2 protein chains.
Amino acid sequence: MKKPSVQRQLEDFEVLCREAGLPVTVQRQVVYEDLIRRCDHPTADQVFETVSRQMPQISRTTVYRVLETLVELGVVRRICHPGTAVRFDGRHEPHHHLVCRECQKVIDYERSALPAVPLPKGKPRGFVVEDYSIQLLGRCAECRKKR
Amino acid sequence: MKKPSVQRQLEDFEVLCREAGLPVTVQRQVVYEDLIRRCDHPTADQVFETVSRQMPQISRTTVYRVLETLVELGVVRRICHPGTAVRFDGRHEPHHHLVCRECQKVIDYERSALPAVPLPKGKPRGFVVEDYSIQLLGRCAECRKKR
DNA sequence: TCTCGTTTTGATACAATATACCATCTAGAA
DNA sequence: TTCTAGATGGTATATTGTATCAAAACGAGA
């Protein structure tokens with residue numbers, strides 16, 4: 001799985017917006033670029049904080065709204081997280097997550113490190129299953145040190 | 001995997017509290033019982049709402065605090081969820097989750113329906129992995145109907 | 001059973017996170 | 001360049017979670 005360049009991803013994003021009939025605003029571009037450049041799983045406020053450094057007049061509301069739009073477009077995911085704020089992930093390639101049971105940190109884990117899971121056939125409980133992600137639950141190094 | 005009766009789980013809970021040196025308060029019992037009786041993955045406020053029907057004087061703060069205590073005791077889990085509020089799960093048996101990408105509903109999925117995943121050996125990124133859970137991402141029946 | 005010390009609880013205030021609303025502005029079509 | 005649908009910015013408000021502290025409850029020991 002080759003990782004596309006940031007430039008390439010931004011171009012694709014522009015095409016996608018046009019296809020969806022959405023104006024390509026600088027706010028949408030800046031927020032999306034921030035998300036694909038960073039490797040953590042930021043909250044909306046964390047994105048707002050970094051983005052407002054290069055674009056001080058951007059509104060917090062806009063960042064929240066743009067993030068929702070990106071999720072609807074399918075270029076960004078809300079990740080499943082045990083904490084108190086929604087977190088976003090701009091990675092395209094599917095991957096798993098290491099979740100610390102104490103501090104609730106979430107770290108990416110290469111998909112290739114685990115055998116593939118066959119998706120269920122049919123529609124369990126009415127769900128059409130399109131993809132999957134494994135959460136590996138445990139303790140991170142820092143939390144283990146504390147004990 | 002036999003599901004223990006509610007009565008039995010409450011007795012075990014009492015023993016666990018005493019072992020941990022925690023007083024067995026009615027609030028702790030009522031909140032725990034509510035969690036093991038319900039099959040969804042409620043937020044703290046949802047637990048507060050149902051519990052306050054049988055115990056109108058209970059405080060919202062207490063429900064939040066008791067839920068944290070139950071997590072620390074290990075009888076309840078914070079589940080990983082893409083939404084805006086922390087959600088809790090009183091089930092003991094490990095299980096997977098069906099996650100709707102549109103409405104973010106999370107439904108249990110029997111663990112036996114998928115092949116077992118071997119846990120990684122060693123400590124990837126310093127994590128000691130103790131367990132895992134698979135999220136099956138897709139669309140639920142209601143959301144599909146809307147389109 | 002009663003008393004006492006520790007811990008929990010309830011209530012309020014506050015903080016953090018997310019959404020509603022609307023006047024203004026901008027992207028992109030004509 | 002002009003026009004218009006839709007996006008943005010700013011404020012207000014809703015939702016979710018935490019801090020604080022006096023009063024009450026648990027449960028150990030008499």
Side-chain angles (χ1 to χ4, degrees), chain A residues 10 13-32 34 41-73 76 78-88 103-104, chain B residues 10 13-32 34 40-73 76 78-88 103-104 106:
Chain A
L10 287 172
F13 175 61
E14 208 171 317
V15 171
L16 192 65
C17 282
R18 293 195 199 288
E19 282 172 355
L22 297 176
V24 183
T25 65
V26 279
Q27 289 87 349
R28 284 178 176 150
Q29 291 174 308
V30 167
V31 167
Y32 181 54
D34 184 68
H41 301 98
T43 64
D45 273 329
Q46 288 170 334
V47 173
F48 171 61
E49 199 192 338
T50 56
V51 161
S52 49
R53 280 203 274 274
Q54 23 166 340
M55 197 184 196
Q57 77 283 13
I58 198 173
S59 152
R60 223 167 68 82
T61 307
T62 298
V63 172
Y64 274 80
R65 253 186 320 222
V66 167
L67 286 169
E68 265 336 288
T69 305
L70 297 179
V71 169
E72 278 160 28
L73 281 174
V76 162
R78 287 169 165 250
I79 72 164
C80 290
H81 191 277
T84 70
V86 174
R87 286 169 181 273
F88 297 90
C103 69
Q104 280 137 36
Chain B
L10 286 172
F13 175 62
E14 207 170 319
V15 172
L16 191 66
C17 283
R18 292 195 199 291
E19 283 171 355
L22 296 176
V24 183
T25 64
V26 280
Q27 288 86 349
R28 284 178 178 151
Q29 291 175 307
V30 167
V31 168
Y32 181 55
D34 183 67
D40 56 347
H41 302 96
T43 64
D45 274 328
Q46 287 171 334
V47 174
F48 172 61
E49 199 192 338
T50 54
V51 162
S52 48
R53 279 204 273 273
Q54 27 167 335
M55 196 183 197
Q57 78 283 11
I58 198 172
S59 151
R60 201 167 139 275
T61 307
T62 299
V63 173
Y64 274 79
R65 252 185 322 224
V66 168
L67 286 169
E68 265 335 288
T69 306
L70 298 179
V71 169
E72 278 160 29
L73 281 173
V76 162
R78 286 168 167 253
I79 71 164
C80 290
H81 190 277
T84 69
V86 175
R87 286 171 180 271
F88 298 90
C103 69
Q104 281 138 35
V106 174

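No experiment lies behind these values; they were computed from the predicted model shown. The sequence lines fix the lettering, A, B, ..., with proteins before strands; numbering per chain opens at 1. Computation of the quantities below employed the complete heavy-atom set of this structure, encompassing side-chain atoms and omitting hydrogens, waters and symmetry-equivalent molecules.
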Next item on the list: Please state how far atom CD in A/Gln29 lies from atom C1' in C/dA27, giving the value in whole angstrom units.
Entry: 11 Å

Item checked: Contact letters for nucleotides 7-23 of chain C, in which S counts primed atoms plus P, OP1 and OP2 and B counts the base, heavy atoms under 4.0 Å -> -SBBBB----SBBBB--

Checklist line | Beyond-backbone contact of B/Leu67 with B/Val86, side-chain heavy atoms, under 4.5 angstrom | finding: no

Next item on the list: List in chain and number order the residues that pass side-chain contact (heavy atoms from CB on, under 4.5 Å) with A/Val15, two or more places apart in sequence or in another chain; answer none if no residue qualifies.
Entry: A/Glu19

Check: Measuring from B/Asp40:CG to B/Gln46:CD, what's the distance to the nearest 0.5 Å?
Finding: 6.5 Å

Checklist line | 4.5 Å side-chain heavy-atom contact, B/Val106 and B/Arg87 | finding: no

Note to self: Are the side chains of A/Ile58 and A/Phe48 in contact, using a 4.5 Å heavy-atom criterion?
What the structure shows: yes

Check: Quick one: how far along DNA chain D does chain B reach, first to last nucleotide 5' to 3', anything under 4.0 Å to a heavy atom?
Finding: D/dT16 to D/dG27

Notebook entry, point to check: So, A/Glu68 and A/Arg78, do they make that salt bridge, N to O below 4.0 Å?
Noted result: yes

Note to self: Please determine whether side chain to side chain contact (heavy atoms under 4.5 Å, CB included) holds for the pair A/Arg28 and A/Val24, giving the CA-CA distance in whole Å, both sets of side-chain angles, and the decisive distance to 0.1 Å.
What the structure shows: CA-CA 7 Å; A/Arg28 284 178 176 150; A/Val24 183; over 6 Å; no

Notebook entry, point to check: What's the verdict on side chain to side chain contact (heavy atoms under 4.5 Å, CB included) for A/Thr62 and A/Thr25, showing C-alpha distance, side-chain angles and the deciding distance?
Noted result: CA-CA 11 Å; A/Thr62 298; A/Thr25 65; over 6 Å; no

